[in-house]
Peer 1: 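Following this message is one structure expressed as structure tokens.
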Amino acid sequence: MASGNSGGGAPGGRPTMADVAAHLGVSRQLVSLVLGDRPGPSAATRERVLRAAEELGYRADTAAQLLRRARSRQVGVLFTMEHPMDADLVEALYPEAARLDYSVALSAMLANRTERQAIDELVGLRCEALVLIGMSAQAPEDLARVAERVPVVEIGQRTNAAGTDSVRTDAVSGVRQAVDHLVALGHRRIAHVHGGDLPSAPERRTGYLEGMRAHGLDGFVDLVPGAYTEEAGARAAAALLAREELPTAVVCCNDQSARGLLETLLRAGRSVPEEVSVVGYDDSRAARLSFLSLTSVRQDVTRIAELTLGAVAERLEEGRTECTHVVLPTTLTVRGSTAPPRPACS
């Protein structure tokens, strides 16, 4: 004779609320009150129900709970899995979302998964707002259509799509700070490994060009193609090593690029910072590693998270309809990868 709950449980044998009620010999409504943390049941009853739920292995069906709510209070976050900065931002968003009584749903952009698919998935999960980290410059009209359905906040770039908000750092000023630092150390032949048309890369390139011109170094402008990856930094280093003379300093478009460049230079027998000073951008965890000790332009991820979810709350809770675009200042964190250039041999 078979034992257990005949016909009970969810598909796959997962215990249900009805199973907990049957186990205790109480009503499903009572169990629902306890598991939903609603008033009514006594403390002793709550303890009995919660203990039984734990013993049976009951787990709340989050999706079903969301469907029963008038509001999901979920914020969807679209991010890439390639860049440490994105992971830092996601980590910073969680506590701020909890503080504002929101939950976070993640959707990753992958090579075989379009941004449109990732966004549609989040909207399908009843996310009340979307936060977009590191996405490509999607057609503004497409993003505008998404913003007609739910609030959209971009981190790290501003596409000017109608109805969207943005939070980013002043990349122009950030790279200018890096150039100023290197010039103050005595460098003149300063190269920039740029990120092409990736988010924020054009502004970082502009900061380099403005910084060089401000110091009268137009004749030393040196733009090297790159991207936000270690592989791109390694390729940039190989291109520089193929020259007759290296620049004395390089400002990279991000920390990953700087790491790839720095490690390639070291493997080629070139010393950092004695022969080449290297600066990154983001001040990510990698920049703080003792064997890299990378000078880097810092973005305040905690503040970015606060302002991003603050913009979401203003839309959802206060009914704001006008767009807001916040630009935060950057700071330069100086470490061991930069130093005065080696004196030229006489």
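Sequence positions, counted from 1, serve as the residue numbers for this chain. Given the structure is predicted, the values throughout are model-derived calculations rather than measurements.
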Peer 1: Evaluate V20 against V26 for side chain to side chain contact (heavy atoms under 4.5 Å, CB included), listing each step before the verdict.
Peer 2: CA-CA 9 Å; V20 177; V26 298; over 6 Å; no

Peer 1: Considering only heavy atoms from C-beta outward, does the side chain of R204 approach that of N254 to under 4.5 Å?
Peer 2: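 They are in contact (side-chain heavy atoms under 4.5 Å apart), so the answer is yes.
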
Peer 1: Are I155 and R168 close enough that some pair of their side-chain heavy atoms sits under 4.5 Å apart?
Peer 2: no

Peer 1: Find out whether T164 and L143 are in side-chain contact, i.e. whether some heavy atom of one side chain is under 4.5 Å from a heavy atom of the other.
Peer 2: yes

Peer 1: Between R298 and D300, is there a side-chain heavy-atom distance shorter than 4.5 Å?
Peer 2: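 Heavy-atom side-chain distance check passes, below 4.5 Å.
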
Peer 1: Can you tell me how far CG of L56 sits from NE2 of H23, rounded to the nearest 0.5 angstrom?
Peer 2: 5.0 Å

Peer 1: Between side-chain atoms of residues 233-250 and protein atoms elsewhere (two or more places apart, or another chain), which donor-acceptor pairs fall under 3.5 Å?
Peer 2:
residue, atom, partner, partner atom, Å
R243, NH1, D222, OD2, 2.6
R243, NH2, D222, OD1, 3.0
E245, OE2, R189, NH2, 3.4
T248, OG1, H187, ND1, 2.8
T248, OG1, R189, O, 3.4

Peer 1: Would you find a donor on one side and an acceptor on the other, under 3.5 Å apart, between the side chain of T295 and the backbone of R335?
Peer 2: yes

Peer 1: If you draw the axis of the six-membered ring of Y208, does the NZ or CZ of R176 fall within 45° of it and under 6.0 Å from the ring centre?
Peer 2: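 No, a cation-pi geometry is absent between R176 and Y208.
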
Peer 1: Of all the heavy-atom pairs spanning G186 and P341, show the shortest one and how long it is.
Peer 2: O-CG, 3.5 Å

Peer 1: Assess whether a salt bridge exists between E274 and R342, defined as any Lys/Arg side-chain N lying under 4.0 Å from an Asp/Glu carboxylate O.
Peer 2: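 So E274 does not pair with R342 through a salt bridge.
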
Peer 1: Show the numbers, then the answer: is there a side chain to side chain donor-acceptor pair (under 3.5 Å) between T330 and Q299?
Peer 2: CA-CA 6 Å; T330 57; Q299 301 191 77; over 6 Å; no

Peer 1: Ignoring hydrogens, what is the shortest heavy-atom contact between V150 and C127? Give both atom names and the distance.
Peer 2: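 Nearest pair, atom of V150 first, then C127: CG1-O, 3.6 Å.
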
Peer 1: Given a cutoff of under 4.5 Å between side-chain heavy atoms of I, L, V, M, F, W and Y, with clusters grown through shared members, what are the other residues clustered with V172?
Peer 2: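 Same cluster as V172: nobody, lone residue.
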
Peer 1: Of all the heavy-atom pairs spanning V301 and A92, show the shortest one and how long it is.
Peer 2: O-CB, 3.8 Å

Peer 1: Return the CG to OH distance between L89 and Y94, rounded to the nearest 0.5 Å.
Peer 2: 13.0 Å

Peer 1: Scan T331, T333, D255 and name whichever one has a side-chain hydrogen bond (donor to acceptor under 3.5 Å, both in side chains) with S296.
Peer 2: D255

Peer 1: Could you give the distance from OG1 (T80) to CD1 (I133), rounded to the nearest 0.5 Å?
Peer 2: 8.0 Å

Peer 1: For H194, what residues pass the ring pair (Phe, Tyr, Trp, His ring centres under 6.0 Å) criterion, not counting sequence neighbours?
Peer 2: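 With sequence neighbours excluded, H194 shows a ring pair (Phe, Tyr, Trp, His ring centres under 6.0 Å) to no residue whatsoever.
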
Peer 1: Taking 4.0 angstrom as the limit, do R51 and E55 come out as a salt bridge?
Peer 2: no

Peer 1: Closest heavy-atom contact between G196 and A201?
Peer 2: O-CB, 3.5 Å

Peer 1: Could you tell me if the side chain of Q74 sits less than 4.5 Å from the side chain of V104, heavy atoms only?
Peer 2: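 They are not in contact (no side-chain heavy atoms under 4.5 Å apart), so the answer is no.
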
Peer 1: Find out if a path of hydrophobic residues (ILVMFWY) with successive side-chain heavy-atom gaps under 4.5 Å connects M85 to L332.
Peer 2: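 No, separate clusters.
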
Peer 1: Nearest 0.5 angstrom please: S293 OG to L262 CG, how far?
Peer 2: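 The distance works out to 10.0 Å.
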
Peer 1: Under 3.5 Å, is there a donor-acceptor pair between the side chain of S337 and the main chain of L294?
Peer 2: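 Side chain of S337 to backbone of L294: no pair is present.
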
Peer 1: Kindly say whether S271 contributes a backbone atom to a donor-acceptor pair with the side chain of E275 at under 3.5 angstrom?
Peer 2: yes

Peer 1: Are L185 and L265 in one and the same hydrophobic cluster, where Ile, Leu, Val, Met, Phe, Trp and Tyr link if side-chain heavy atoms are under 4.5 Å apart?
Peer 2: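 Not linked; separate clusters.
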
Peer 1: Could I get the full list of side-chain contact (heavy atoms from CB on, under 4.5 Å) partners for L328, not counting sequence neighbours?
Peer 2: V167, T169, R303, I304, L307, V326

Peer 1: Does a side-chain heavy-atom distance below 4.5 Å link R315 with E128?
Peer 2: no

Peer 1: In sequence, state the C-alpha distance, the side-chain angles, and the governing distance for S107 and E121, and then conclude on side chain to side chain contact (heavy atoms under 4.5 Å, CB included).
Peer 2: CA-CA 8 Å; S107 188; E121 178 182 278; 3.3 Å; yes

Peer 1: One pair to check against side chain to side chain contact (heavy atoms under 4.5 Å, CB included): R285 and D88. What are the steps and the verdict?
Peer 2: CA-CA 8 Å; R285 287 190 179 97; D88 291 348; 2.7 Å; yes

Peer 1: With a 4.0 Å cut-off on N to O distance, would you call R73 and E317 a salt bridge?
Peer 2: yes

Peer 1: If you group Ile, Leu, Val, Met, Phe, Trp and Tyr by side-chain heavy-atom gaps below 4.5 Å, do L223 and L198 land in one group?
Peer 2: no

Peer 1: Would you call R320 and D165 a salt bridge, taking side-chain N to carboxylate O under 4.0 Å as the test?
Peer 2: yes

Peer 1: If Ile, Leu, Val, Met, Phe, Trp and Tyr residues are connected whenever their side-chain heavy atoms lie under 4.5 Å apart, and connections chain through other members, are L122 and L132 in the same group?
Peer 2: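 Yes; L132 is reachable from L122 via cluster members.
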
Peer 1: Between L182 and S277, what is the shortest heavy-atom contact and its length?
Peer 2: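 Looking at all heavy atoms of both residues, the shortest contact is CD2-CB, 4.0 Å.
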
Peer 1: So that I can tick it off, tell me whether E148 and R145 are bridged by a salt bridge, with the cut-off set at under 4.0 angstrom between side-chain N and carboxylate O.
Peer 2: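 Looking at R145 and E148, the cut-off is not met.
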
Peer 1: If we only count heavy atoms from C-beta on, is the V297 to D283 side-chain gap below 4.5 Å?
Peer 2: no

Peer 1: Can you check side chain to side chain donor-acceptor pair (under 3.5 Å) on D19 and T16, steps first, answer last?
Peer 2: CA-CA 5 Å; D19 294 330; T16 67; 3.3 Å; yes

Peer 1: Assess the residue pair H181 and T338 against the criterion (side chain to side chain donor-acceptor pair (under 3.5 Å)); give the C-alpha distance rounded to whole Å, side-chain angles, the decisive distance to 0.1 Å, and a yes or no.
Peer 2: CA-CA 9 Å; H181 165 66; T338 54; 3.0 Å; yes

Peer 1: For residues 210-241, pull every pair meeting ring-ring contact (aromatic ring centres under 6.0 Å, His included), keeping only residues two or more places apart or in separate chains.
Peer 2: H83-Y228

Peer 1: Quick one: salt bridge (charged side-chain N to carboxylate O under 4.0 Å, His left out) pairs with a partner in residues 323-334, sequence neighbours left out?
Peer 2: none

Peer 1: Given the rule that I, L, V, M, F, W and Y join up when any side-chain heavy atoms are under 4.5 Å apart, are L316 and L93 in one cluster?
Peer 2: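 In one cluster: yes.
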
Peer 1: Please report the closest heavy-atom contact between V153 and A311, naming both atoms and the distance.
Peer 2: CG2-CB, 4.2 Å

Peer 1: As an exercise, state the distance from CD of E306 to CG of L100, rounded to the nearest 0.5 Å.
Peer 2: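 Output value for this atom pair is 9.5 Å.
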
Peer 1: Test E96 against R99 for salt bridge (charged side-chain N to carboxylate O under 4.0 Å, His left out), laying out the working first.
Peer 2: CA-CA 5 Å; E96 184 61 17; R99 189 183 72 80; 2.8 Å; yes

Peer 1: Could you measure the distance from the OG1 atom of T159 to the CD atom of E154? Nearest 0.5 Å is fine.
Peer 2: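 That separation rounds to 3.5 Å.
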
Peer 1: Where the side chain of S32 meets the backbone of R28, is there a donor-acceptor pair that is under 3.5 Å apart?
Peer 2: no

Peer 1: Side chains of C252 and L261: closer than 4.5 Å at any heavy-atom pair?
Peer 2: yes

